There are 2 protein chains.
Amino acid sequence: MALRTLDSDDASPDDLAARAAWLYYVGGLRQDQIADELGISRQRAQRLVARAVAEGLVKVRIDHPIAECLELERGLRQRFGLVRARVAPRADSGQDALRAIAPFAAAEMERIFAQETPQLIALGTGRTLRAMIDQMQTISAGQHRMVSLIGNVAPDGSASFYEVIMRIADKTGAPHYPMSVPVMARDAEEFATYRNLPHVVSSRALAKEADVTVVGIGQMADDAPLLVDGFITAEELASLRAAGAAGELGGHVFDAEGRYLDHPVNEFMVGVRVPQNQNPVICVAGGVSKIKALRAALKGRLIQGLITDELTAAEILSTS
Amino acid sequence: MALRTLDSDDASPDDLAARAAWLYYVGGLRQDQIADELGISRQRAQRLVARAVAEGLVKVRIDHPIAECLELERGLRQRFGLVRARVAPRADSGQDALRAIAPFAAAEMERIFAQETPQLIALGTGRTLRAMIDQMQTISAGQHRMVSLIGNVAPDGSASFYEVIMRIADKTGAPHYPMSVPVMARDAEEFATYRNLPHVVSSRALAKEADVTVVGIGQMADDAPLLVDGFITAEELASLRAAGAAGELGGHVFDAEGRYLDHPVNEFMVGVRVPQNQNPVICVAGGVSKIKALRAALKGRLIQGLITDELTAAEILSTS
DNA sequence: CCGCGTGATGGGCAAATGCTCACTCAAAGC
DNA sequence: GCTTTGAGTGAGCATTTGCCCATCACGCGG
């Protein structure tokens, strides 16, 4: 009755995709029924649904506290005095770990953003956080503020690909304070310049006050993000390892006990170290390659929350 | 690698179903791959996934503000001064409307429960709210309290089938105050007895203070829930209609202007009317049969929030 | 101890889905 | 004004999924 709005014309690009996906997943129609409903061909319906999935419009969650994961969560909380621990069901390779963890981390972020008391949220960068954001629902949460812990310019001058704060801002509409300078200075002079820029000073001050901090973690093996993304050279990595490096949070490298290293690389990081005060630092990370780094961060009480996958959690608990 | 925890034995009943569903939907594996992974047959994997879906372990949401729905939301807010309005994409029959609305309503409930400041939440009953709850994620939210607006005993003495408060309590772990008396008294004496029961007095007082109230709405046509569920007779319904009845909220019947009727049926309802103070009353309802009732409730400003479907919203806006 | 019923299992097949390919149409470029 | 290019379309076909059925195992009553 009335409402003949989409006879095939009008209707913006993936508006229709969302509608098709909705009919498919929520409405339970078959693709040919959707085709009928929307007056399009079966193939087009199929393509629309596929597109909605590809663009991440379709979010699937499994609502079942798988017993083993719960036990691991409890174990992590007890052993390392964490305030938050979430363990996603098993994932084998590093790639899978990311996909496994992302929805859990996204749910945690949504929980933070759903609070009505305004929060100041500090954010790191990296592949893991990017994957997390892709899984987040858009949620209007203008009462909160977000600040970046770390610069957003790569050594070659490009914007860091794994910058996350802008993307979360898109989803939430929250005001945000990126740290618009390079991640690392190349020498002491540059470092002083960056550190004295007014917006850097204020962002750094803000970041230290964050009510909650969400970061990834970097490993120090040959696939270290700092190396892969071109922030440090292979020589510097070797030197860090010789100095006992076990991992890094926001570019700040620490040893196996979770103590920050006294090393040139650490000196020139423009961003702040994760706060070590009352407010929680939540780390989102998983995969065998990150286990050493996680153990160190947990041991040194650098983080108060961990969102990881089943295998990583089991490994951390079994041997440390 | 390692972690051979579920070689086919252990693993509780639908624990495995959740795991299979997880691998399927989140992990993106095919059913035969899942079968390999878990060491079971392809059919079993298929059955596990189907089971997880059937049991509602799998929650799918489409995250895309379909433009038309947004416009309808804005229209509803402006026209009726609502504080919340959500419109789910089109749904034709009444049955579909329920399926369409439920996920949206569930998201709204989750938003309420995700708040950290303790809330007192008053709840109605009905098919629509039941469908909503089935779509809610389990979420630990012990800080809130819930109270029922309405009795939970059907005229035949059985527990009302569409009771919702217990079920939300299961999902949230929040303390709850059901109103454990019949919905309606049969005469003035019974009425006085029920109303004076201590737990009814306190529940009623609590309900009136609720920070937020969530209810369905009942129509007055021949398929009126009050009639179908046996609370009133066909004669009473006819009499109500003769008196101008347009709909009911929690059993309290009002006319087309949203004014409560002065009628015997209204006199013997043990529960409370939805609060008319600062705090919002959110109505979850959709389908053509409910349009008249919704218009009346909106006109009388009985509700301050509406969660409905596209067709219902369009219809309400186009003619009232 | 044996037969019978109930419920889980895997094989096989039909339905549904997703992919590739050849084609069209329209906008940009020559 | 014609050609090129690329995105979108529908047909046909391979893959995947879901369903039905015969079979099997287990438990219970005779």
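To find a chain, count down the sequence lines: A is the first, B the second, and so on, and within it residues start at 1. All of these numbers come straight from a predicted model, not from anything done at the bench.
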- Item | Side-chain donor/acceptor of B/Arg42 to base of D/dG18, under 3.5 Å |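 Yes, the side chain and the base share a sub-3.5 Å donor-acceptor pair.
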- Task: Test for a donor-acceptor pair under 3.5 Å between the base of C/dG18 and the side chain of A/Gln31, counting only N and O atoms.
- Result: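 Flag unset: no donor-acceptor pair detected.
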So which atom in [X] and which in [Y] form the shortest heavy-atom distance, rounded to 0.1 Å?
| X | Y | result |
| --- | --- | --- |
| A/Met109 | A/Ile168 | CE-CD1, 3.7 Å |
| A/Ala285 | A/Ile217 | CB-CG2, 3.5 Å |
| A/Pro89 | A/Ala100 | O-CB, 4.0 Å |

Atom-pair distance ([atom1] on [X]; [atom2] on [N]), nearest Å:
| X | N | atom1 | atom2 | value |
| --- | --- | --- | --- | --- |
| A/Gln33 | C/dA15 | CD | C1' | 13 Å |
| A/Arg30 | C/dA14 | CZ | P | 17 Å |
| B/Asp36 | D/dT16 | CG | P | 13 Å |
| A/Ile40 | D/dA11 | CD1 | P | 14 Å |
| B/Arg44 | D/dC24 | CZ | P | 19 Å |
| A/Tyr24 | C/dA16 | OH | P | 11 Å |

- Message: Both A/Leu29 and B/Arg47 contact DNA chain C. Taking the nearest nucleotide for each, which residue is further toward the 5' end?
- Response: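 Upstream on the strand: B/Arg47.
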- First of A/Gln43 and B/Gln46 reached from the 5' end of DNA chain D, by closest nucleotide: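 First, find each residue's nearest nucleotide; the 5'-ward one identifies A/Gln43.
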- Query: Tell me, do B/Arg86 and B/Glu73 make a side-chain contact under 4.5 Å, heavy atoms counted?
  - Reply: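 Yes, side chains in contact.
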